[in-house]
Amino acid sequence: MVALDFLRDELVEFLGVGGLLELIRSGDYAALATWKGLTSALAPLVPLLLLIEVATAMFKRRFIEEAYGLTFLIYLANRAIGHLISIAAVGFCIGLLQPLAPFRVGFTWYGWIYGYLVWEFSHFVYHFFAHKVRLLWCLHSTHHAPRSMNLMVSNAHFFLEAPYADVVRTSICMLAGLDPLLLFAIMFIDGIWGAFIHVGEGLFRRGRVRALELLVLAPLHHRVHHARNPLYMDTNFCNLLNVWDRLFGTYQNARADIAIEYGITRPMNPNSFVDVYFGEFAALWRDFCAAPGLRNKLLYLVMPPGWSHDGKHKTAAAARREYLQNTAEA
Ligand SMILES: [Zn+2]
Ligand SMILES: [Zn+2]
């Protein structure tokens, strides 16, 4: 019975229906007008879309196991410890840094705008360095390993990535004066959108949100972010608002003549849990050991993926430069 209870609790957590079930049980539907009621009703949205996406793929007889199997395994592995560390890290940053903020911004109309801009900036910072610092890329590369896009990919992360992301984002938001409750509200909205932008072509072929794209990052642009084509790598770091990508010059539209190739450039087995989860650490360790001198060894930890002590860099920036040069000459 204990095992059954455990499975039921895990299923409720995965589907995000805990709050909704509680609401139905209480029969107090007026609570839907409150923030808690609203979040309870919205939480199952993406899990529901994921089920529809899987059902659609099954109906069309696509390769379910390859697209969803490993990411689901990663989700289960992370459930074990990742969340607990992350919650502790957020609490620690709030306690430590909130008193240092010069002012406090709460639930006002300008608070939402300011809060979202600060949050999106903090997300940009975490995500940018996850791509540009080799050691941090070891944490983030698990998310980029899948060779196709679907909603389950949003659950595919190395278990230490969430604590890293949350420490960076919470610290910046606390120092910028965000009320922790406003931060949690923004995190909730961002969590839904952040999962939705992984919707696959099977369910939402074009992945565009049209006029909103002036401000909002569409699923198509996140598909570009997951691509390993030279022009697309290391672009579109934002989550919901694309403002910081536009400002820092990392915004990249999908081009009709360049089909997205999902995955990472390192030769790897995308169906091996060990390779997807630890492969990047192993590659870094090999470079670290082979590098001459302590300075070079340390540089491998902090320089971008693809950096080489012999100057023959294969970074995303170098690949993009080379691609743009070649197309300009052609
Ligand atoms: Zn990324
Ligand atoms: Zn993603």
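Keep in mind it's a predicted model, so treat the numbers as computed, not measured. Computed from heavy atoms alone, side chains included, the values below leave out hydrogens, waters and symmetry copies. We count ligands from 1, going down the list as the structure has it; atoms in each ligand are counted the same way.
Applying the 6.0 Å contact sphere to CZ of F129 captures no more than 12 heavy atoms from other residues, nucleotides or ligands. Within 6.0 Å of CZ on F14 lie more than 12 heavy atoms contributed by other residues, nucleotides or ligands.
Seen from the Zn ion (ligand 1), atom NE2 of H127 and atom NE2 of H140 lie 90° apart in angle, a value rounded to 10°.
Protein atoms of type N, O or S found under 2.8 Å from the Zn ion (ligand 2) total 4.
Using cut-offs of 30° and 60° for the angle between ring planes, the H198 and H226 rings count as perpendicular. Using bins of under 30°, 30° to 60° and over 60° for the plane-to-plane angle, the ring pair W193/F196 lands in the tilted bin.
Across all non-hydrogen atoms, the minimal contact from Y232 to I260 is CE1-CG1, 3.8 Å.
Separation of the Y251 and H221 ring centroids falls under the 6.0 Å cut-off.
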